[in-house]
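Written below as structure tokens is the structure these notes are about.
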Amino acid sequence: MGEFELIRTYFLPLAQAAPKGALVLGLGDDCAVQRLPAGRDLVFSIDTMVEGIHFPESYPPDYLGWRALAAAASDLAAMGAEPACFTLALTLPEANDQWLARFARGLADAGSAFGLALAGGDTTRGGLALSIQVHGTVTQGLALTRSGANPGDLVCVSGTLGDAGAALEYLDVTAPTEVERELLERYHHPQPRLALGQALAGLATAAIDISDGLVADLQHLLDASEVGATIDSARLPLSSALKTLTGERALQFALHSGDDYELCLTLPEQALRAAPEAIRDQLTVIGVIDSQTGVRWSDESLSASVAETGFDHFRSRP
Ligand code: ADP
Ligand code: MG
């Protein structure tokens, strides 16, 4: 199968099925054309996944399609952006029909779940890797950034942490138990917090999505905002599946493992109190922003171990 037949067979139908939204011209020309509504800023980002580094070899292609788009969409969530469309640069060792059909299905499912239309891309031969550029829009001037946290703001995270990282230990289990499947689902089908991010634009003072682990990503937010934080590790939201399967190690996963694609954000206490219940329900307060840089953990032994082990101690990537 040639390059153009491959695009026509697997990606053109996917692009045609997607709601066009702001796309004036979609896949098939030299460029796509996106129209920006008046008063909106364009927010865009690119994410690359390489076989053997960001996903294991022989990883199911439908899961790969979903995960790659979810990871890219999560950056839009962190900026409070409304999703619009995406492009896909795909490098493949060979044109395998079965693989491509499953990959396109995972991508299509994620595209319709997140409201992202395929607008074009590039197809090349080589080691398996894919880059996805996502486009979204926000009300002019309202994009959430990492740099707006102020002393006194609360530090919050969405959902539960550590699940996707712990799932890595079960990727090769042939008949996972129900609780193992719960963790695996968090790894295979991450749910970027798009609605939450958009609801927080104008409310939160700073935000970042957690792709590399709370300790690492919180530090990026603190650095950009030139502040520090006091964090109560006992407050980190842990799923019962994580606690059941990892016992005493649960906290380490929540602190250091990535791939959850939850949000970490800051906002004044009164803003949280005034927020709709649907927003508050998704958030857990884990600490407070200080003017003194660095992170002070409630548990002193943790302060020492976090400082000592650095940021990627627990990142057992496949
Ligand atoms: P060009 O040579 O002008 O860059 P291509 O021949 O690479 O164009 O691609 C032809 C059309 O197919 C373009 O509209 C491009 O966006 C689209 N396309 C190519 N590869 C992909 C892909 N992997 N996914 C989606 N669209 C693709
Ligand atoms: Mg061209």
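Since this is a predicted model, take the numbers as computed values, not measurements. Ligands are counted one by one from 1 in listed order, and the atoms in each one are counted from 1 as well.
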Using distance alone, determine whether Leu90 and ligand 1 share an N or O pair under 3.5 Å. no
Aromatic centroids of Tyr59 and His188 separated by under 6.0 Å: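 For His188 and Tyr59, the ring centres are under 6.0 Å apart.
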Taking ring-ring contact (aromatic ring centres under 6.0 Å, His included) as the test, write out the residues that go with Trp99, two or more places apart.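 Trp99 satisfies ring-ring contact (aromatic ring centres under 6.0 Å, His included) with Phe103 only.
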Could you tell me which residues satisfy ring-ring contact (aromatic ring centres under 6.0 Å, His included) with Phe11, sequence neighbours excluded, listed by chain and number? none
With a 4.0 Å cut-off on heavy atoms, is Phe4 touching ligand 1?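 The answer is yes, since Phe4 has a heavy atom less than 4.0 Å from ligand 1.
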Numbered atoms of ligand 1 (with element) below 4.0 Å of [X], judged on heavy atoms:
X	value
Phe11	22 (C), 23 (N), 24 (N), 25 (C)
Asp29	13 (C), 14 (O)
Gly28	14 (O)

Closest to atom 7 (O) of ligand 1 (heavy atoms only, candidates Leu25, Asp122, Leu100, Leu12) is Asp122
Heavy-atom distances under 4.0 Å are what count here, so tell me which part of Leu88 touches ligand 1: side chain, backbone, both or neither.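 For Leu88, the contact with ligand 1 is made by both the backbone and the side chain.
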Salt bridge Asp209-Arg193, side-chain N to carboxylate O under 4.0 Å: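 No, Asp209 and Arg193 are not salt-bridged.
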Identify the residue among Thr87, Asp47, Thr48, Thr91 that makes a side-chain hydrogen bond (donor to acceptor under 3.5 Å, both in side chains) with Ser131. Thr48
Aromatic ring pairing Trp66/Phe114, orientation class (parallel under 30°, perpendicular over 60°, tilted between): perpendicular
